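Just below is one structure, and these are the notes that go with it.
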Amino acid sequence: LGFETIRDLLIASLDAKPHVSKMSAYNLLSLSKNTKQDFRAQHGAVVMIFKAEPKIWRPIAHEIIKTPSFDARLHALTASQLARQPTASDAALFISLLNHHDEYLVRSAIIGLGKLSHEPALDHFENLSTVASEEIGRTLVSALALMNLPNAKKMLENWSQNHRQATIQALAARQLIRSR
């Protein structure tokens with residue numbers, strides 16, 4: 001029953017913007033936490049939460065990400081949504097996600113911090129870059145370019161010449177060429 005209802009709500013939301021009240025959003029959160037539900041219903045419930053006003057869904061998104069019992073795919077979906085439209089209130093959560101074991105959450109956090117031009121993240125980016133996979137490195141370089149800060153540009157220039165990982169060095173050099 002949960003999946004069918006959520007599916008119908010999502011289909012209806014394509015035609016008209018639904019009104020998802022705070023109470024409805026928290027009911028959807030309860031549904032998404034219910035591990036007895038089909039994953040599709042949990043996923044749909046989280047997607048429906050994002051149809052609410054940002055002032056309603058943003059604290060719920062923080063709760064979802066901070067709750068370890070949620071499915072990793074729901075964490076990833078939620079982090080991605082936060083990174084699409086980050087606000088200053090998300091910065092602390094993004095910083096905490098930089099050390100997460102899930103690469104997708106780390107990448108979403110990096111992009112969110114880049115969009116926010118969150119200068120305190122630069123030290124974290126530097127530390128992260130020393131052990132970064134190619135995908136994380138690519139995301140770090142993109143975030144530095146998004147930041148549009150003098151210190152971020154200096155970091156890119158430094159990485160393009162001196163980074164100990166050749167892939168990050170090459171990615172930074174390419175980004176500098178693109179941004180000219």
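The structure displayed is predicted, hence computed values, not measured ones.
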message: Just verifying a value: how many Å separate R107 CZ and T139 OG1, rounded to the nearest 0.5 Å?
response: 4.0 Å

- request: Name all residues meeting the salt bridge (charged side-chain N to carboxylate O under 4.0 Å, His left out) criterion together with E134; count only those two or more places apart in sequence or in a different chain, and write none if there are none.
  value: R138

field: Gap separating the OG atom of S30 from the CD atom of Q37, nearest 0.5 angstrom
entry: 11.0 Å

- prompt: What is the minimum heavy-atom distance between A145 and L156, and which atoms define it?
  reply: N-CD1, 4.1 Å

field: Spatial distance of atom CD (E135) from atom CG (L140) [nearest 0.5 Å]
entry: 11.5 Å

task: Decide yes or no for I110 and L98: does some side-chain heavy atom of the first lie under 4.5 Å from some side-chain heavy atom of the second?
output: yes

Do any side-chain atoms of residues 165-176 form donor-acceptor pairs under 3.5 angstrom with protein atoms, and if so which ones, sequence neighbours left out?
residue	atom	partner	partner atom	Å
Q165	NE2	S129	O	3.2
Q165	NE2	T130	O	3.2
Q165	NE2	A132	O	3.3
Q169	NE2	Q161	O	2.7
Q175	OE1	R178	NH1	3.3

- prompt: How would you list all residue pairs meeting ring-ring contact (aromatic ring centres under 6.0 Å, His included) that involve residues 132-167, not counting sequence neighbours?
  reply: W159-H163

statement: Residue pairs passing the salt bridge (Lys or Arg N to Asp or Glu O under 4.0 Å) test with at least one member in residues 59-68, sequence neighbours excluded, are K33-E63

field: Sequence neighbours excluded, every pair satisfying ring-ring contact (aromatic ring centres under 6.0 Å, His included) that has a member inside residues 96-117
entry: none

- prompt: About how many Å separate CD1 of I49 and CD1 of I60, when rounded to the nearest 0.5 Å?
  reply: 5.0 Å

task: Would you confirm whether D90, through its side chain, and T87, through its main-chain N or O, come within 3.5 Å as a donor-acceptor pair?
output: yes

Determine all donor-acceptor pairs shorter than 3.5 Å in which one atom belongs to a side chain in residues 111-118; sequence neighbours excluded.
residue	atom	partner	partner atom	Å
K115	NZ	A83	O	3.2
K115	NZ	R84	O	3.4
S117	OG	M147	O	2.7

- prompt: Which atom names give the shortest non-hydrogen contact between L74 and I64, and what distance separates them?
  reply: O-CG2, 4.3 Å

Non-neighbouring partners of E119 that pass salt bridge (charged side-chain N to carboxylate O under 4.0 Å, His left out), sequence neighbours left out: none

- prompt: Where is the tightest heavy-atom contact between Q42 and N34, given as atom of each residue plus distance?
  reply: NE2-O, 3.1 Å

- prompt: Looking only at heavy atoms, what is the nearest atom pair of A41 and L31, with distance?
  reply: O-CD2, 4.2 Å

field: Side-chain touch H124/N99, heavy atoms, less than 4.5 angstrom
entry: no

statement: Contacts of K22 meeting salt bridge (charged side-chain N to carboxylate O under 4.0 Å, His left out) (sequence neighbours excluded), chain-then-number -> none

message: Within this structure, what is the OG-CG distance for the pair S80 and L105, rounded to the nearest 0.5 Å?
response: 10.0 Å

- prompt: Which pair of non-hydrogen atoms, one from A72 and one from D102, has the smallest distance, and what is that distance?
  reply: CB-OD2, 4.1 Å

message: Ignoring hydrogens, what is the shortest heavy-atom contact between S133 and E103? Give both atom names and the distance.
response: OG-OE1, 3.1 Å

task: Any ring-ring contact (aromatic ring centres under 6.0 Å, His included) involving residues 67-87? Give me the pairs, sequence neighbours left out, ordered by first then second residue.
output: none

message: Please enumerate all residues that pass salt bridge (charged side-chain N to carboxylate O under 4.0 Å, His left out) together with R73, with sequence neighbours excluded.
response: D71

query: Given the rule that I, L, V, M, F, W and Y join up when any side-chain heavy atoms are under 4.5 Å apart, are L146 and I95 in one cluster?
result: no

query: Roughly how far apart are I56 CD1 and L28 CG, rounded to 0.5 Å?
result: 11.0 Å

For F50, ring-ring contact (aromatic ring centres under 6.0 Å, His included) partners two or more places apart: W57

task: Sort and list the pairs that fulfil salt bridge (Lys or Arg N to Asp or Glu O under 4.0 Å) and have at least one residue in residues 149-160, not counting sequence neighbours.
output: none

